[in-house]
Amino acid sequence: QVQLMESGGGLVQAGGSLRLSCAAAGSIFRIISMGWYRQAPGNQRELVATINAGGAVDYSDSVKGRFTISRDNARNTVDLQMNSLKPDDTAVYYCSAYIYTDVRAWDNYWGQGTQVTVSS
């Protein structure tokens, strides 16, 4: 059993900053990659940023230069620093991770989501 626990969402004015954190806990053998996705009302869930075990990162074009993803492999955590926030960034943000629970079994796990609201 693996759980992803998110924290750090909230309400902020445009131009402000927020930091999201996610911790993976449970029966973890190895984490392949971790990342953040978001879903705004009426929209599909979309990639925000991902980071693999080696530190390679990928960002959606809409957040490049404003958001920074980081990871602590020892603590099984991933953070998303969000700067210069815009109203279009308003969404529920989900933590995601590809995790091996033993040497043969892996799956994609999701957090419960945390609301980020950016007011204009």
Side-chain angles (χ1 to χ4, degrees):
Q1 186 79 5
V2 172
Q3 299 88 34
L4 300 182
M5 293 162 284
E6 300 139 334
S7 61
L11 172 65
V12 65
Q13 288 188 329
S17 298
L18 281 174
R19 188 177 184 87
L20 304 182
S21 296
C22 173
S27 181
I28 297 171
F29 177 72
R30 183 163 62 95
I31 299 179
I32 304 165
S33 67
M34 302 185 80
W36 291 92
Y37 291 73
R38 67 187 181 187
Q39 187 168 18
N43 291 354
Q44 291 187 333
R45 192 172 297 188
E46 63 176 4
L47 167 74
V48 176
T50 61
I51 183 168
N52 68 15
V57 299
D58 186 31
Y59 295 97
S60 71
D61 288 342
S62 63
V63 307
K64 280 181 182 175
R66 300 187 298 122
F67 291 11
T68 302
I69 190 169
S70 60
R71 177 175 169 175
D72 186 328
N73 290 333
R75 295 170 56 228
N76 293 333
T77 59
V78 62
D79 291 346
L80 185 69
Q81 178 65 41
M82 305 184 293
N83 298 330
S84 302
L85 282 160
K86 305 174 182 179
D88 284 350
D89 295 318
T90 296
V92 177
Y93 284 69
Y94 296 91
C95 178
S96 172
Y98 285 87
I99 297 174
Y100 274 94
T101 53
D102 65 36
V103 69
R104 292 177 300 274
W106 66 273
D107 206 344
N108 181 206
Y109 296 88
W110 293 88
Q112 77 284 359
T114 185
Q115 178 70 46
V116 171
T117 302
V118 184
S119 63
S120 56

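FYI, the numbering just counts along the sequence from 1. FYI, side chains are in, hydrogens and waters are out, and symmetry mates aren't considered; it's all heavy atoms of this structure.
Put simply, OG on S120 and CD on Q13 are 9.5 Å apart, with the number rounded to the nearest 0.5 Å. Between the CD1 atom in I51 and the CD1 atom in I31 there is a gap of 11.5 Å [rounded to 0.5 Å].
The two atoms that bring R38 and D89 nearest to each other are NH1-OD1, 2.9 Å, heavy atoms only. Here the shortest heavy-atom pairing between Q115 and T90 reads NE2-CG2, 4.0 Å. Heavy atoms only, all atoms of each residue included: A24 and L4 are closest at CB-CD2, 3.4 Å. The nearest pair of heavy atoms linking L80 to A49 is CD1-CB, 4.3 Å.
Judged by distance alone, the side chain of D72 and the main-chain N or O of V78 form no donor-acceptor pair under 3.5 Å.
Side-chain contact between V2 and T101 is present, with heavy atoms from C-beta onward closer than 4.5 Å. Looking only at side-chain heavy atoms (C-beta outward), S96 and N108 come within less than 4.5 Å of each other. A 4.5 Å side-chain heavy-atom check between L47 and D58 finds at least one atom pair inside the cut-off. Using a 4.5 Å heavy-atom cutoff, the side chains of M82 and V12 are not in contact. Between E6 and L20, every side-chain heavy-atom pair lies at or beyond the 4.5 Å cut-off.
Each ring-ring contact (aromatic ring centres under 6.0 Å, His included) pair with one or both residues in residues 43-97, not counting sequence neighbours, would appear here, but there are none. Among residue pairs with one or both ends in residues 31-58, those qualifying as ring-ring contact (aromatic ring centres under 6.0 Å, His included) are Y37-W110; sequence neighbours excluded. For residues 50-120, the disulfide bond (SG atoms under 2.5 Å apart) pairs, not counting sequence neighbours, are C22-C95.
Taking a cutoff of 4.0 Å between a charged side-chain nitrogen and a carboxylate oxygen, D61 and K64 qualify as a salt bridge.
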Stepwise side chain to side chain contact (heavy atoms under 4.5 Å, CB included) check, Q1 with Q3: CA-CA 7 Å; Q1 186 79 5; Q3 299 88 34; 2.9 Å; yes
Q81/D79 under side-chain hydrogen bond (donor to acceptor under 3.5 Å, both in side chains): CA gap, chis, key distance, verdict: CA-CA 6 Å; Q81 178 65 41; D79 291 346; over 6 Å; no
